[in-house]
Amino acid sequence: MTAPIPREDPHAWQRALRAQFPIVTGHPELAYLDSAATAQKPQAVLDAVQTYLTTSNANSARGTYTWANRTTELVERTRERVARFLGDGRPERSAVHFTSGTTEGLRTIARDWLPGFLRDGDEIVVPDADHQANITPWLEAQRLLAREGVRVRVLPMPYQSGSGDYDHTALAERAGPRTRFVATTHVHHVYGGDMNVHRVREAVGPDAVICLDAAQSVGHLPVSVAESDVDFVVFSGHKALALPGSGAVWARQARGPEFTPGGWSGTPNTVGIASLEAALDWLDAAGVERIERWTVALAARLTDGLRRLDAYEILGCPLSLAADSPVQRRQSIVTLRHRAIDSGDLGFILFSHGFMVRSDHHCQGDGGEKTGSVRVSLHVYNTVEEIDRLLSVLASLQ
């Protein structure tokens, strides 16, 4: 069961939630700042996994005995849970398919659905400065179709100079009547910005299919398919407090052929699905809107402190660096470079002070950054004290 969560004081609310993460409370000397890579798991998720494995572990949709029936019910119940968590007001028309994570989900769409949708001369938009998982599947689909004599033109997603945000005006000028499919990202995994996907729909028109990589948004901020006119939402369970190897594709089933993954459907990751159901329940109880407010405030505190340190460059929209910025759209990710210290070395230095961050190229596509950087990514278990201590260490390296 999830512990009671105080609603009055945000700091008391956060402390009550942080206390539910055993790996965090068990290592108070360490600050885990790599939640964009994978999030830590609350006790409720660990308990759900233990309960499933000790009471109902069986295969799904194959047996007629009690454990098998419970597992089948778990899988179907979690499909409905995913749709409800994404704000799907018409789940009877949509579909939810479980995958091992965002990468497999995007590849499933590219391999099993996209070739049947595109025709010779069609265009697709690929965001080549986003995560590689949202780039390579679409290029693979283009090559697959080319071998069958179907020529598909790839349009690179335009970006605003210096900010990493999509350039929606340029996209509207670039897209045409043959632009049939657009790959997008909800929150950028390097720049931390909300990519304003609602403006993508305005730019490409009502008929193009939009696929949303929500790896850095589901579990971090509200995601509503009722409010955003996208056709696919793909996310990883392990970034949303569930176990690794879990994830889902949500398909609206409104444009193009029905989404049905190809091939034989083997044994699903039932324990991962059990963890995903528990994680979504926990997130709803905690309040995803409140989690977003907490992590955005921490990111603003960090960027506001970093902009006072001349030794550092902060990647992303420069207008969102101040805590009082009217255009604050940086979510739970802050990526930086030291002007003299290599990012890999800086990562080692920070770990020597108890901070766990990511320091490399972050799997960004060829259109992205050419130099490595240090990424700080936050979740609800992170504290103001951790941010202030991090800023103190960074200031000592000026």
Side-chain angles (χ1 to χ4, degrees), residues 3 10-43 45-46 187 189-192 216 219-221 238-241 244 279 282-283 286 290-309 311-316 321 323 330-338 341-360 362 372-398:
H11 294 275
W13 166 84
Q14 190 273 338
R15 285 194 297 271
L17 296 184
R18 177 182 168 89
Q20 297 176 41
F21 290 84
I23 195 171
V24 174
T25 58
H27 298 276
E29 76 285 4
L30 298 175
Y32 182 75
L33 303 174
D34 197 21
S35 293
T38 195
Q40 299 303 336
K41 321 307 175 194
Q43 188 64 51
V45 169
L46 304 178
V187 172
H189 73 293
V190 175
Y191 305 124
Q216 301 297 348
H220 297 259
L221 66 152
H238 73 97
K239 297 180 192 289
L241 311 183
W282 191 93
L283 288 163
R290 298 194 72 176
I291 291 174
E292 180 190 20
R293 287 199 295 272
W294 181 264
T295 57
V296 166
L298 291 184
R301 189 181 187 94
L302 177 56
T303 52
D304 197 47
L306 280 170
R307 74 186 181 117
R308 306 172 196 279
L309 304 177
Y312 297 92
E313 171 194 1
I314 308 173
L315 280 60
L321 301 187
R330 193 182 300 271
Q331 290 292 327
S332 56
I333 296 171
V334 180
T335 304
L336 59 114
R337 292 194 191 100
H338 194 288
I341 302 174
D342 175 78
S343 62
D345 292 339
L346 181 57
F348 281 116
I349 293 169
L350 291 177
F351 181 64
S352 73
H353 289 274
F355 298 101
M356 293 179 280
V357 298
R358 179 163 173 174
S359 53
D360 57 16
H362 316 296
S373 54
V374 168
R375 184 179 69 184
V376 176
S377 51
L378 309 162
H379 216 302
V380 71
Y381 35 74
N382 293 120
T383 66
V384 173
E385 291 75 18
E386 289 174 339
I387 297 301
D388 289 348
R389 187 159 57 88
L390 175 62
L391 284 169
S392 177
V393 172
L394 292 172
S396 72
L397 302 174
Q398 279 269 82

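Keep in mind that this is a model prediction, so the values were computed, not measured.
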Which atom pair, heavy atoms only, marks the closest approach of [X] to [Y]?
X      : Y      : answer
Arg337 : Leu315 : NH1-CD1, 3.7 Å
His353 : Arg389 : O-NH1, 3.3 Å
Asn382 : Leu298 : O-CD1, 3.6 Å

Tell me, do [X] and [Y] make a side-chain contact under 4.5 Å, heavy atoms counted?
X      : Y      : value
Phe355 : Asp34  : no
Thr335 : His362 : yes
Arg375 : Ser359 : no
Trp13  : Ile291 : yes
Trp282 : Leu241 : yes
Arg293 : Val296 : no

Exercise for the section: May I ask you to check whether His379 and Tyr381 place their ring centres under 6.0 Å from each other? Expected result: yes

Problem - Aromatic ring proximity, centroids under 6.0 angstrom, His11 and Trp294 - result: yes

Exercise for the section: Might you confirm whether atom CG of Leu397 has over 12 heavy atoms from other residues, nucleotides or ligands at distances under 6.0 Å? Expected result: yes

Exercise for the section: List the steps and the verdict of side chain to side chain donor-acceptor pair (under 3.5 Å) for Gln331 and Glu292. Expected result: CA-CA 7 Å; Gln331 290 292 327; Glu292 180 190 20; 3.3 Å; yes

Practice task
Applying side-chain contact (heavy atoms from CB on, under 4.5 Å) between Val374 and each of Leu346, Ile349, Asp345, report the one that passes.
Solution key: Leu346

Problem - Salt bridge present between Asp388 and Arg301 (N-O < 4.0 angstrom) - result: yes

